Trainee: 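Attaching a single structure in structure tokens format; questions to follow.
The structure presented is a predicted model; accordingly, all values stated were derived computationally and were not measured.
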Amino acid sequence: MKNYYITTPIYYVNDKPHIGHAYTTILADTLSRFRQLINQKTFFLTGLDEHGLKVQQAAEKNGANPQDHCDTMAPAFLELWKRLNIQYSDFIRTTEERHVKIVQNILTEVYNNGDIYKDKYEGWYSIAEERFITKKELDSGLFRDVKKIEEENYFFKMSKYQDQLIKKIEDDKEFIQPSTRKNEVLGFLKQDLSDLCISRPKTRLEWGIEIPFDKDYVTYVWFDALINYISSPKYSEDKNNFEENWPADVHLIGKDILTTHSVYWPTMLMSLDLPLPKTIFAHGWWLTDEEKMSKSLGNIISPLMLIDEFGVDSVRYYLMSEMVLGLDATFSMDSFIKRYNSDLANDLGNLVSRVSTLIDKNFDGIIPQCNDDKNDLSNQLSNIDIEEKLNTFKMDGLIQSIMDFVRSINVYMEKNQPWKLVKEDKDLAGIVLYNAAESLRIATLMLSPVMPQKSQEILDTLGSNDSSLEWGGLKSGEKIGSINPIFPRIVK
RNA sequence: GGCGGAGUAGCUCAGUUGGUUAGAGCAGCGGAAUCAUAAUCCGCGUGUCGGGAGUUCAAAUCUCUCCUCCGCUACCA
């Protein structure tokens, strides 16, 4: 059976990882874990983009050769993913031999197809910037040392697939999401698509994958990078493995790299005669005070600082629940603390305490007897449709529907008052507490993709190791675990 | 400029193909309770659904127009 295949972009190593990288990767991880929760097999790919001019320049600046530079940058990402509890299936680096080889296979294949040709390129080149600049940039007058140069390069016949791509985007609602991005791409495709220059002469740029049919050139970094999505599952090398994974079910990307993913990439796949990814989903940006976070503005929130202060799972929960997928969201300490306290400390954490303490005090810490699988709470569970929310990428909505259920457990407690009931009808109080605890167990499992560690702590407190979402997983007669505040309130 | 999107309660957002008194969470106000992390529960919104006009038995939802904000227009999660 085919895996649910989910990807993040491969991150460019000229910069240390920041909250944007962390967000996309946590999102992918959470989606992947949710898919697993509903019994789907997943393949989750992330990695690093290590070629290109900017990496070469960053390396030179540090007095290192490019490969060494990449090798020192990579651990920063790996370390962060470890700290964030990212369970990727594969981590690919574009300098790895396995990737280089497949990129070259593909270049050869596309070349043999007749979709790559050599041509002269003429344009304005900025010597200071070491790159070609656009007409607009030239007109801006901001660039000095500009001269018109002519250069021979290899081009990919992207224009050949323009009509086919337009039709695909128009016909398939799921292909580019959210729909506003789809319109954006269609708008872009109204102009004539030019062919894509996919080579750089080594005289100008050395750090890249050598073009297999011309040793004087390296591959343009985007052409190289996008291929990671199929080099990891071993395109052209392992048919079975490839078909178990490809096509990707979703490429998660930031809205800034929409064009490369929804124009370059699909046309490349068309040339290879491969199926296209089912969905390309562009999410928004995290803003602080309505501004994009960026290094130059110095308003970057360090993911590590947040984790150190509040714990990994609180950060994961905040990022996943606060952003409406596809829109921008504003990050603030205030909203972080508010959400943490109201959702995690008050609603969920406190509920764990009250239920487990009642069982501890009144039933010697033994899960009471119960055979009541039709009750207010079990009925409400059917309101949560995980798969539907996943299919429509409504992460915030999914979390909210689970938290609604958690709140309804608090309501159930108020309504049935087991702390009073225990004095009148102990068996009945036991049933109430069982239902509350069992609901909590299921709700916790449902939150485990978002908060893997904290969920385990709650399940330990409830004395459960059952991983079924079906009612009745909590075993009467078992002993509950020790009771500690799972989410201590943040007091400002 | 061209193309596209958005404007719904103090804040963040839901509102399916037009149809019963426009919703949720948070914040605020009042009350109940005291098992629990001073947590929880209940009640409370005269919101011009950006303004105006139109279509219709009926519009936040369709049409037109105006206003405001934003995105894309080949660097970048």
Trainee: So what does A:Lys420 hit on the nucleic acid, given a heavy-atom distance under 4.0 Å: a base, only sugar-phosphate, or nothing?
Mentor: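 Contact class for A:Lys420: sugar-phosphate only.
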Trainee: Suppose you measure atom C1' in B:G45 against the same atom in B:U21; what distance do you get, rounded to whole Å?
Mentor: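 These two C1' atoms come out 14 Å apart once rounded.
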Trainee: From the list B:C42, B:C26, B:C3, which nucleotide is the closest neighbour of the side chain of A:Lys190?
Mentor: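 Of B:C42, B:C26, B:C3, B:C3 is nearest to the side chain of A:Lys190.
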Trainee: What do the steps show when you test A:Asp343 against A:Arg407 for salt bridge (Lys or Arg N to Asp or Glu O under 4.0 Å), and what is the final call?
Mentor: CA-CA 9 Å; A:Asp343 288 10; A:Arg407 286 180 203 106; 3.7 Å; yes
Trainee: Ignoring hydrogens and geometry, is there a side-chain-to-backbone donor-acceptor pair from A:Thr94 to A:Ala225 under 3.5 Å?
Mentor: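 Judged by distance alone, no pair lies under 3.5 Å.
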Trainee: May I ask you to list the residues of residues 175-183 of chain A, by number, that have any heavy atom positioned under 4.0 Å from an atom of RNA chain B?
Mentor: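 Correct list: A:Arg181, A:Asn183.
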Trainee: In whole angstrom, what separates A:Glu414's CD from B:G43's C1'?
Mentor: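 The answer, rounded to whole Å, is 14 Å.
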Trainee: Taking only the P atom of each, what is the distance from B:U8 to B:C62 in whole angstrom?
Mentor: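 That atom pair is separated by 16 Å.
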Trainee: Measuring only the P atom in each nucleotide, how far is B:G7 from B:U12? A whole number of Å is fine.
Mentor: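 Going atom to atom, P in each nucleotide, I get 13 Å.
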Trainee: Give a yes or no answer on whether the side chain of A:Ser199 reaches the backbone of A:Tyr154 with a donor-acceptor pair at less than 3.5 Å.
Mentor: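 Pair found, side chain donor or acceptor close to backbone of A:Tyr154.
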Trainee: Please figure out whether A:Tyr264 or A:Lys255 has its closest RNA chain B nucleotide nearer the 5' end.
Mentor: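 Its nearest nucleotide being more 5', the pick is A:Lys255.
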Trainee: Between B:G18 and B:A60, how far apart are the C1' atoms? Round to whole Å, please.
Mentor: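 It comes out at 10 Å once rounded to the nearest Å.
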Trainee: For the pair A:Gln369 (side chain) and A:Ser476 (backbone), establish whether a donor and an acceptor sit closer than 3.5 Å, ignoring hydrogens and angles.
Mentor: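 No; judged by distance alone, with no hydrogens or angles, the pair does not exist.
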Trainee: Nearest-Å distance, NZ (A:Lys394) to C1' (B:G15)?
Mentor: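 Result: 11 Å.
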Trainee: Would you mind telling me which residue lines up with the more 5' stretch of RNA chain B, A:Lys423 or A:Val263, judged by nearest nucleotide?
Mentor: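 So the residue in question is A:Lys423.
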Trainee: Using only atom types and a distance under 3.5 Å, with no angle test, would you say the side chain of A:Asp364 pairs donor to acceptor with the backbone of A:Ile366?
Mentor: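 The answer is no, because no donor-acceptor pair under 3.5 Å joins these two groups.
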Trainee: Between B:U55 and B:A9, how far apart are the P atoms? Round to whole Å, please.
Mentor: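 B:A9 and B:U55 have their P atoms separated by 28 Å.
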Trainee: Output the rounded distance in Å from CD1 (A:Ile409) to C1' (B:A36).
Mentor: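 After rounding, the gap between these two atoms is 14 Å.
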Trainee: Checking contacts here: which listed nucleotide (B:C13, B:U37, B:C26) is nearest the side-chain heavy atoms of A:Lys338?
Mentor: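 Taking heavy atoms from C-beta onward, the closest nucleotide is B:C26.
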Trainee: Answer with base, sugar-phosphate or nothing: what part of the nucleic acid does A:Tyr23 contact at a heavy-atom distance below 4.0 Å?
Mentor: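 Answer is nothing: A:Tyr23 stays at 4.0 Å or more from every strand.
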Trainee: Is a side-chain donor or acceptor of A:Thr30 paired with a backbone partner of A:Ile26 at a separation under 3.5 angstrom?
Mentor: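 Yes, because the side chain of A:Thr30 sits within donor-acceptor range (under 3.5 Å) of the backbone of A:Ile26.
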Trainee: Contact class for A:Leu196 vs. all strands (heavy atom < 4.0 Å): base, sugar-phosphate, or nothing?
Mentor: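 Nothing, no heavy atom under 4.0 Å.
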Trainee: Under 4.0 Å, heavy atoms only, any strand: does A:Asp347 hit a base, just the sugar-phosphate, or nothing?
Mentor: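 Sugar-phosphate: the residue A:Asp347, judged by heavy atoms under 4.0 Å, touches backbone atoms but no base.
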Trainee: Regarding B:A36, can its base be found pairing with the side chain of A:Asn350 as donor and acceptor, where the two atoms are less than 3.5 Å apart?
Mentor: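 Under the 3.5 Å cut-off, the side chain and the base do form a donor-acceptor pair.
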Trainee: Whole angstrom is fine here: how far is it from CG in A:Leu287 over to C1' in B:C70?
Mentor: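 After rounding, the reported distance stands at 11 Å.
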Trainee: How would you label the contact of A:Lys361 with the nucleic acid (heavy atoms, under 4.0 Å): base, sugar-phosphate, or nothing?
Mentor: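 Touches sugar-phosphate only.
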Trainee: With A:Glu322, which of A:Lys338, A:Arg339, A:Arg316 fulfils salt bridge (Lys or Arg N to Asp or Glu O under 4.0 Å)?
Mentor: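 Going through the options one by one, the only one that passes is A:Arg339.
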Trainee: To the nearest Å, give me how far apart CG (A:Asn410) and P (B:U37) are.
Mentor: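 Rounded to the whole Å, the gap is 13 Å.
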Trainee: I need the CD-P distance between A:Gln380 and B:A24, as an integer number of Å.
Mentor: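 One finds 15 Å between P of B:A24 and CD of A:Gln380, rounded.
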Trainee: So what does A:Ser353 touch, heavy atoms closer than 4.0 Å: a base, only the sugar-phosphate, or nothing?
Mentor: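 The answer is base, as A:Ser353 lies within the cut-off (heavy atoms under 4.0 Å) of a base atom.
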Trainee: Would you call A:Lys167 and A:Glu170 a salt bridge, taking side-chain N to carboxylate O under 4.0 Å as the test?
Mentor: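 No, A:Lys167 and A:Glu170 are not salt-bridged.
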Trainee: What integer distance in Å separates A:Trp222:CH2 from B:A74:P?
Mentor: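 Between P of B:A74 and CH2 of A:Trp222: 15 Å.
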Trainee: Does A:Arg489 make a side-chain N or O approach to OP1 or OP2 of B:A39 shorter than 4.0 Å?
Mentor: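 For A:Arg489, the contact criterion (side-chain N or O under 4.0 Å from OP1 or OP2 of B:A39) is met.
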Trainee: Kindly state whether the ring of A:Phe331 and the ring of A:Tyr318 have centres lying under 6.0 angstrom apart.
Mentor: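 Yes, ring centres under 6.0 Å apart.
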Trainee: Take atom C1' in B:U20 and the same atom in B:C11, then report the distance between them in whole Å.
Mentor: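 So the two C1' atoms sit 30 Å from each other.
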Trainee: Please map the stems of RNA chain B, keeping only stretches of three or more Watson-Crick or G-U wobble pairs with both distances under 3.5 angstrom.
Mentor: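 Ordered by first number, the stems with RNA chain B (at least 3 consecutive pairs each) read B:1-7 with B:67-73, B:10-13 with B:23-26, B:28-32 with B:40-44, B:50-54 with B:62-66.
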Trainee: Tell me: OH of A:Tyr340 to P of B:U12, nearest whole Å?
Mentor: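 Rounded to whole Å, this separation is 25 Å.
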Trainee: Check this for me, if you would: do A:Glu151 and A:Arg204 make a salt bridge, where the nitrogen-to-carboxylate-oxygen distance has to be below 4.0 angstrom?
Mentor: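 Result for this pair is yes, salt bridge flagged.
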Trainee: Determine, for A:Asp29 against A:Arg33, whether the closest basic-nitrogen to carboxylate-oxygen distance falls under 4.0 angstrom.
Mentor: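 Here A:Asp29 pairs with A:Arg33 in a salt bridge, since their nearest N and O are under 4.0 Å apart.
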Trainee: Touch check for A:Tyr12, heavy atoms < 4.0 angstrom, all strands: base, sugar-phosphate only, or nothing?
Mentor: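 Result for A:Tyr12 = nothing.
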Trainee: How would you label the contact of A:Gln400 with the nucleic acid (heavy atoms, under 4.0 Å): base, sugar-phosphate, or nothing?
Mentor: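 The residue A:Gln400 makes sugar-phosphate contact but no base contact.
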Trainee: Report the nucleotide, chosen from B:C13, B:U40, B:C26, that has the shortest atom-to-atom distance to any side-chain atom of A:Arg407.
Mentor: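 Selected nucleotide (nearest to the side chain): B:C26.
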Trainee: Do NZ/NE/NH1/NH2 and the carboxylate oxygens of A:Arg181 and A:Glu184 come within less than 4.0 Å?
Mentor: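 A salt bridge links A:Arg181 with A:Glu184.
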Trainee: Contact class for A:Ser194 vs. all strands (heavy atom < 4.0 Å): base, sugar-phosphate, or nothing?
Mentor: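 A:Ser194: base contact, heavy atoms under 4.0 Å.
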Trainee: Using the P atom in both, what is the distance from B:C35 to B:G25, to the nearest Å?
Mentor: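 That atom pair is separated by 27 Å.
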